[in-house]
Novice: 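Okay, here's the structure, questions in a sec.
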2 protein chains.
Amino acid sequence: MIRDSRLSGVLHGLLHMIGAGEPVTSEQLAQAMATNPVVVRRVMAGLREQGLVRSEKGHGGGWTLARDPADITLADIYRAVGAPTIVAMGHRSENPGCLVEQAVNDALSGTFREVEAIFLKRLGAVTLDALAKDFKRRLAKHKQSLEDQIHAAK
Amino acid sequence: MIRDSRLSGVLHGLLHMIGAGEPVTSEQLAQAMATNPVVVRRVMAGLREQGLVRSEKGHGGGWTLARDPADITLADIYRAVGAPTIVAMGHRSENPGCLVEQAVNDALSGTFREVEAIFLKRLGAVTLDALAKDFKRRLAKHKQSLEDQIHAAK
DNA sequence: TATCATGTAACTTCATATGTTACATGATGG
DNA sequence: CCATCATGTAACATATGAAGTTACATGATA
C-alpha cells in the first residue's frame, strides 16, 4: 500500500519555515523535503486556504506562517492537506442488502472509526510549536554531542 | 487512496463457509463476495498457510474451516491475509541524518504505532464465532421483520 | 477417463499520490 | 517599463499495489 506522505512532508516544511524567520520559497522547501517545487505549492495551497500560511510573489517572496504555531495543531494541518485517508482498509462493497456484509462492515467500521478518532485526538493534542521545540531540543543535543567529541579529541 | 478490502472480503467468505456446513467452492465464494474465483484462492491461500482453513480438490471439494471459529480472532485473520498496511500515511523519507525529519517522524510514528496497536487489540477481541452469531441475530431479526409485514398485510 | 476443483503464473486494469513540464499571473527592483 | 523572481495551475507522466482476468497445470472423485 502506497502511504500518503503529505502530512509528513508539510510538517517538515513548516519546521523549516519556523526556523527561517523570513519567507521561504517553494524551491527551498522542495530541497528540504527532497521533492519538486510544484508539489510544495500544491500541498501548501491547502494550508493557505485554511489561513495557516501566506504566500507572496516576486522578489523576497515565498511562504510564511500566518498564525502562531502554538495555536496550530497537527490535526489542523492534517485537515489542511486534504484530510487523507487514515485507515488503509475498507469494505469490499457497500451492499446494504446483504446481511453478511452488514455484519462484517459493522464490525470493521466500528474499529475503523475508533482508530480514526484516536488518531485525530492525538494529532489535535500536538501543536506545531511543540514540534518545533522538540526539534530545537534535538538540535541542542546534537550540538552538545559534537562539542563533546571535539573536547574528547583534544 | 485505494483501500485494501482483503480482510473485509475474507470475513464475508468465512461467514458463508460457517453457514454452509459443507465445502464451499471458490466459485461460490466469489459470487458471494462479488469477485473472481482466483482472487478468492489467492486470499484464502494465506488462511490455509496459517491453518485456519483447508482446501480440497475434485468433486465435492472446496474450502472448509480448519479450526473452531470461537478460537479464531479477527486479528488472526488479519495476519493471515498478509497483515495489510493499517495506517494509510507514512513518512516522506527515512533520512536519519536530518534532525527536522527525525522530529517529524518520531511525532507521527508514535501516533501511527499507537493506532496500529489499538486496531490489532480490537480485532483480537472479536472471534469469528462472535461475528457469526451477530450475523445470525441480524438474520433472525430480518425474518421477524418479514413475518410482521406479512401479518400486517392480512 | 471425464469432470470438477484448487494452484499458480502472468498478465491487464484501475486509482491515486507523486513527479514533471509548460505557461500564466503578479510583485519587486532597477 | 522591463527583466527577474516567485507563486498559480493545468496537463501530462510515472510508480505502486490491490484487484481482476486468462491460461494452464495438478490432483481428486465419480
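Order of the sequence lines fixes the chain letters, A, B, ..., with proteins taken first and strands second; residue numbering starts at 1 for each chain. What you are looking at is a predicted structure, and each value in this text was computed from that prediction instead of being measured.
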Novice: Which of residues 27-46 of chain B have a heavy atom under 4.0 Å from DNA chain C?
Specialist: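 Those residues are B:Val38, B:Arg41, B:Arg42.
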Novice: Taking any heavy-atom pair under 4.0 Å as a contact, classify B:Arg48: base, sugar-phosphate, or nothing.
Specialist: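 Here B:Arg48 touches the backbone only, sparing every base.
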Novice: Among pairs that include at least one residue of residues 34-48 of chain A, which meet salt bridge (Lys or Arg N to Asp or Glu O under 4.0 Å), considering only residues two or more places apart or in two chains?
Specialist: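 Sorted pair list comes back empty.
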Novice: Taking the side chain as every heavy atom from C-beta outward, state whether B:Val104 and A:Leu15 have any pair of such atoms under 4.5 Å apart.
Specialist: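 In contact.
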Novice: May I ask you to test the B:Leu74-B:Tyr78 pair for a side-chain heavy-atom distance under 4.5 Å?
Specialist: no
Novice: Could you tell me the boundaries of the chain B footprint on DNA chain C, defined by atoms under 4.0 Å from its heavy atoms?
Specialist: C:dT3 to C:dG19
Novice: Quick one: B:Lys57 NZ to D:dG27 C1', roughly how many Å, whole number?
Specialist: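 These atoms are roughly 4 Å apart.
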Novice: When you group the ILVMFWY residues by side-chain heavy-atom contacts below 4.5 Å and let the links chain together, are B:Val38 and B:Val24 in the same group?
Specialist: no
Novice: What contact category does A:Gly62 fall into here, base, sugar-phosphate, or nothing, at under 4.0 angstrom with non-hydrogen atoms?
Specialist: sugar-phosphate
Novice: Both B:His59 and A:Ile2 contact DNA chain D. Taking the nearest nucleotide for each, which residue is further toward the 5' end?
Specialist: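 Between the two, 5'-proximity favours A:Ile2.
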Novice: Could you pull out all residues at least two apart from A:Gln50 that satisfy side-chain contact (heavy atoms from CB on, under 4.5 Å)?
Specialist: A:Leu52, A:Ala80
Novice: Regarding B:Arg92, tell me which of base, sugar-phosphate or nothing describes its non-hydrogen contacts under 4.0 Å with the strands shown.
Specialist: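 Contact class for B:Arg92: sugar-phosphate only.
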Novice: Once side-chain contact (heavy atoms from CB on, under 4.5 Å) is applied, do any residues pair with A:His59, and if so which ones, sequence neighbours excluded?
Specialist: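 In terms of side-chain contact (heavy atoms from CB on, under 4.5 Å), with neighbours along the sequence ignored, A:His59 is linked to no residue.
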Novice: Verify the neighbour count for atom CZ of B:Arg54: are there more than 12 heavy atoms of other residues, nucleotides or ligands below 6.0 Å?
Specialist: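 No - once you tally the heavy atoms of other residues, nucleotides and ligands closer than 6.0 Å, there are 12 at most.
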Novice: Do the ring planes of B:Phe112 and A:Phe119 sit parallel (below 30°), tilted (30 to 60°) or perpendicular (above 60°)?
Specialist: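 B:Phe112 and A:Phe119: parallel rings.
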Novice: At a heavy-atom distance below 4.0 Å, what parts of residues 4-20 of chain B sit against DNA chain D?
Specialist: B:Asp4, B:Ser5, B:Arg6
Novice: May I ask you to test the A:Leu14-A:Val53 pair for a side-chain heavy-atom distance under 4.5 Å?
Specialist: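 They are in side-chain contact.
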Novice: Considering heavy-atom distances to DNA chain C, does B:Gly61 or A:Arg3 have its closest nucleotide positioned more toward the 5' end?
Specialist: B:Gly61
Novice: Are there more than 12 heavy atoms of other residues, nucleotides or ligands under 6.0 Å from atom CD of B:Glu114?
Specialist: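 Yes, the 6.0 Å shell around CD holds more than 12 heavy atoms from other groups.
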Novice: If you draw a 6.0 Å radius around CD in B:Glu116, do more than 12 non-hydrogen atoms from other residues or ligands fall strictly inside?
Specialist: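 Enclosed: over 12 neighbouring heavy atoms sit under 6.0 Å from CD of B:Glu116.
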